[in-house]
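Sequence lines set the chain letters: A, B, ... in the order given, protein chains first and strands last, and positions in each chain run from 1.
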Amino acid sequence: MTQLNPRQKEAVLYIDGPCLVLAGAGSGKTSVITRKIAYLIEQCDIPARHIAALTFTNKAAREMKERASKLVKGSASRGLTVSTFHNLGLNIIRREHKSLGFKPGFSIFDSEDARSLLKDLMMKDGDLDSDHLDLVQHQISNWKNDLIIPARALSVAQSPGEQAIALIYQRYNQALRAYNAVDFDDLILIPVELFQTNAEVLQRWQRKIRYLLVDEYQDTNSSQYLLVQLIVGNRGALTVVGDDDQSIYAWRGARPENMSLLKQDYPSLRVIKLEQNYRSTSRILRVANHLIANNPHDFDKALWSEMGLGDPIRVLRCKNEDAEAERVATEILTQRLRKQYKFRDFAILYRGNHQARLLEMKLQQHQIPYKISGGSSFFAKTEIKDVMAYLRLIVNPDDDNAFLRIINTPRRQIGTSTLEALGGYASERHISLFAALDELGLQSRIPEKNLERLQRFAHWIKQVTRNCGGDRPVDAIREMLNDIDYEGWLHQNSASSKAAEKRMENVFYLVESLQKTIDKNSSDDDEGEESRIEDAVAKLVLRDMMERQEEEDLSDQVQLMTLHASKGLEFPHVFMVGMEEELLPHRNSIEDNNIEEERRLTYVGITRAQRTLTMTLAGKRKQFGEMSETTPSRFLDELPVDDVEWEGFGEQSPEKNLAKGEETLANLLNLFD
DNA sequence: CAGATATTATTTTTT
DNA sequence: ATAATATCTG
């Protein structure tokens with residue numbers, strides 16, 4: 001406790017009511033949460049199994065759990081719940097699945113699954129084409145996050161278009177039910193509905209969770225906040241930690257206003273600000289504060305530090321994107337030599353993943369070791385999606401989406417016409433595709449040869465499922481992959497045999513993770529049930545894998561990632577590239593008039609830097625294959641002049657051109673409507 | 001049914 | 001420029 005500053009101490013010790021900790025960047029919020037957990041266990045005699053902390057990512061959950069257990073003496077932290085919102089939701093649904101009407105092994109549809117299901121539904125309808133797919137998916141997600149059920153969506157629809165989407169929403173939910181599946185939003189929504197309608201169940205969970213802590217509270221959406229409210233009830237045993245200036249996920253439903261709402265919903269709320277920063281130089285914080293002051297605020301906050309003034313922020317304007325990447329590479333090389341920095345001390349942050357391409361090339365040319373994090377994720381890889389689909393079908397035969405993905409992968413000579421016939425039959429009988437294969441009525445619809453292929457598949461899957469019921473389920477999975485010669489299939493479908501080997505490695509890694517997850521579930525014994533492959537598969541869909549080899553983290557590499565991915569991290573020397581209008585702020589955000597979030601994104605980038613910060617931009621940039629002139633980002637105008645060194649602008653400061661002036665004015669005007 | 005060719009839309013990302 | 005997706009041909 002002696003290592004905490006007075007504000008932090010207050011946040012840890014205050015347990016008499018709901019508590020909001022406004023934790024600025026680098027202010028030690030994780031320390032506050034973990035120490036508070038330790039305090040609750042050791043000084044307040046709340047057993048660890050009655051404390052829950054919620055985060056948004058598995059990584060954050062893992063870290064927090066680890067740090068908390070280190071703080072607590074002995075094994076007193078056993079049974080502590082530190083999980084993501086979605087994992088908690090999954091556990092609630094799993095425990096209550098009977099009364100909710102789900103069969104064990106129910107599937108979790110990721111957004112790609114949801115998308116393909118919606119596509120199917122809309123094709124049948126006809127009047128909504130695929131242009132609207134994203135819109136529809138987004139709207140449905142919004143409705144779910146706002147706890148609006150299909151019937152309600154139908155009745156409040158403002159336009160025929162909205163009405164049509166509401167109808168698809170209704171059928172989408174019905175389809176999910178039929179597939180014995182839930183989507184990501186349901187993982188929160190269904191527990192909330194359950195708690196609202198079933199006081200007995202709610203009470204049981206309230207007895208289980210006596211104190212609740214929430215991290216990154218500014219990223220909660222409406223249903224997540226409601227879940228928090230329901231669990232906490234009127235006990236006020238709640239601590240939330242967040243920073244409204246670091247809210248960068250509004251585009252996926254986050255409601256930063258939940259921070260202000262908390263004040264209204266809990267009048268006795270204690271608000272504690274953490275403004276001392278332990279990460280950056282005063283210069284960097286001055287720049288960050290100055291920029292973010294352009295956003296409206298419900299809670300005022302200004303970061304300060306005792307880390308010294310530091311170097312001015314540099315803004316480098318380069319001829320084109322090529323020169324920009326080149327400049328960053330040479331800067332890293334020279335600074336490393338001059339100042340004895342390590343490669344790992346540098347991070348290059350950008351708005352969009354595509355920007356990594358050029359940088360990657362230049363770094364390679366200069367033989368600079370680098371690591372790109374983010375981009376296409378492990379679970380987006382086709383080989384992983386394929387194997388996951390096999391796992392899902394084994395665990396939940398009603399999962400038509402999984403069925404369709406793998407029925408002809410590897411090739412089994414089963415084509416669209418056969419599947420259409422099967423689909424037609426299944427929907428008439430209101431059964432799943434897999435179940436339909438057992439029926440005799442199919443004989444009149446599908447040529448014998450094709451039917452035989454289908455049934456051979458069905459028979460084989462059933463055998464694999466039986467094998468998985470034994471005590472070595474993962475061996476059964478390995479055998480299954482052997483049966484279909486998945487490795488051969490990968491070799492056939494990869495650009496090189498090297499690529500195929502890499503992909504097979506991924507598959508093996510997934511299978512290992514499955515084994516580890518099963519082992520972990522059985523040792524945790526939190527449910528008291530025997531370890532089941534069903535649970536492990538569900539966990540894997542939520543990407544709760546054991547951490548991948550950390551060898552790379554320890555090695556000396558320049559870090560490349562998007563601004564979004566950098567939240568929560570820190571680096572001695574940060575480069576923010578592409579500081580241009582249409583890129584940062586992004587074009588779409590300009591169109592949607594969502595400049596404030598882009599400004600926060602810039603703020604997040606700036607506050608990652610510990611010692612030096614360099615921003616770069618290109619005068620010309622190739623976009624969609626066409627070279628075009630760029631305009632410096634409006635955010636550069638919002639930096640305090642005294643703390644910035646400009647280079648490549650001709651004059652002392654960035655020229656203010658007409659186009660930029662107009663945009664700034666337009667933005668101002670928009671504040672009033 | 002499978003491979004070849006034309007078209008098309010291109011942020012951020014975790015669960 | 002590129003990658004994913006729709007359409008066409010053998």
What does A:Thr418 touch in the nucleic acid at a heavy-atom separation under 4.0 angstrom: a base, only the sugar-phosphate, or nothing? sugar-phosphate

By the 4.0 Å heavy-atom rule, please label A:Arg411 as base, sugar-phosphate, or nothing. sugar-phosphate

It should be established whether A:Ser83 places a side-chain nitrogen or oxygen under 4.0 Å from OP1 or OP2 of nucleotide B:dT15. no

Just by modelled atom types, is the A:Ala250 backbone N or O under 3.5 Å from a matching donor or acceptor in the A:Glu597 side chain? yes

Return yes when atom NZ of A:Lys620 has more than 12 non-hydrogen atoms of other residues, nucleotides or ligands closer than 6.0 Å, and no otherwise. no

Looking at A:Glu448, I'd like to know if its CD atom is crowded, meaning that more than 12 non-hydrogen atoms belonging to other residues, nucleotides or ligands lie closer than 6.0 Å. no

DNA chain B nearest-nucleotide lookup for A:Ser589 and A:Arg453: closer to the 5′ end is A:Arg453

Nearest listed nucleotide, side chain of A:Thr562, among B:dT11, B:dC1, B:dT13: B:dT13

Whole angstrom value for the distance that separates C1' of B:dT14 from CD of A:Gln224: 10 Å

Among B:dT11, B:dC1, C:dA3, the one nearest any side-chain atom of A:Arg357 is C:dA3

B:dT12, B:dT15, B:dT11: which one has an atom nearest the side-chain heavy atoms of A:His564? B:dT12

Could you state the CE-P distance from A:Met561 to B:dT12, rounded to the nearest angstrom? 15 Å

In whole angstrom, give the distance that lies between atom CG of A:Leu419 and atom P of B:dC1. 8 Å

Looking only at the side chain of A:Thr84 (C-beta and beyond, no hydrogens), which of the listed nucleotides B:dT15, B:dT11, C:dA6 gets closest? B:dT15

Do we see a donor-acceptor contact under 3.5 Å between the side chains of A:Asn173 and A:Lys144? yes

Given atom CD of A:Glu63 and atom P of B:dT14, what is their separation to the nearest angstrom? 14 Å

Donor-acceptor pair under 3.5 Å: do we get one between A:Arg351's side chain and the base of B:dT12? yes

Touch class at under 4.0 angstrom, heavy-atom based, for A:Phe56 against every strand present: sugar-phosphate

How is A:Asp219 classified with respect to the nucleic acid when contacts are heavy atoms under 4.0 Å: base, sugar-phosphate, or nothing? nothing

Any side-chain N or O of A:Asn594 under 4.0 Å from OP1/OP2 of B:dT12? no

Check every strand shown and say whether A:Ile248 touches a base, only sugar-phosphate, or nothing at a heavy-atom separation below 4.0 Å. nothing

Give each stem of DNA chain B as a range with a range, requiring at least 3 consecutive Watson-Crick or G-U wobble pairs whose two distances are under 3.5 Å. B:1-10 with C:1-10

When you get a sec, tell me which of B:dT15, C:dA6, B:dT13 is the closest nucleotide to the side chain of A:Asn353? B:dT13

Sorted by chain and residue number, the side chain to side chain donor-acceptor pair (under 3.5 Å) partners of A:Tyr390 (sequence neighbours excluded) come out as A:Arg412

Confirm from the modelled atom types if A:Arg252 and B:dT14 form a donor-acceptor pair under 3.5 Å, side chain to base only. yes

A:Gln137 versus A:Gln139, side-chain donor and acceptor atoms under 3.5 Å: no

Answer yes or no as to whether B:dT12 has its base stacked against A:Trp251, where stacking requires a ring-centre separation under 5.5 angstrom and planes under 30 degrees apart. yes

Any side-chain N or O of A:Ser417 less than 4.0 Å from the OP1 or OP2 oxygen of B:dC1? yes

Given atom CG of A:Asn91 and atom C1' of B:dT15, what is their separation to the nearest angstrom? 14 Å

Atom-to-atom span, CG of A:Leu90 to P of B:dT14 - whole angstrom: 19 Å

Considering only atom C1', compute the distance from C:dT5 to B:dT12 and round it to an integer number of Å. 23 Å

Does a side-chain N or O from A:Lys119 land closer than 4.0 Å to OP1 or OP2 of C:dA6, or not? yes

Of the nucleotides B:dT11, B:dT13, B:dC1, which has the atom closest to the A:Tyr249 side chain? B:dT13

Nearest heavy atom decides the nucleotide; on that basis, is A:Ile414 or A:Gly352 closer to the 5' end of DNA chain B? A:Ile414

State whether A:Arg115 places a side-chain N or O below 4.0 Å from either non-bridging phosphate oxygen (OP1 or OP2) of C:dT5. no

From CG of A:Leu569 over to P of B:dT14, roughly how many Å is that when rounded to an integer? 11 Å

Distance check needed: B:dT14 P versus A:Glu112 CD, whole Å only. 14 Å

Does a side-chain N or O from A:Asn58 land closer than 4.0 Å to OP1 or OP2 of B:dT14, or not? no

To check you understand the geometry: which heavy-atom pair defines the closest contact between A:Ala25 and A:Arg608, and what is its length? CB-NH2, 3.7 Å

I need the A:Tyr370 OH to A:Leu359 CG distance, nearest 0.5 Å. 10.0 Å

Check whether NZ of the Lys or CZ of the Arg A:Arg392 lies under 6.0 Å from the centre of the six-membered ring of A:Phe106 and within 45 degrees of that ring's axis. no

For the residue pair A:Arg252 / A:Ser141, report whether a side-chain donor-acceptor contact shorter than 3.5 Å exists. no

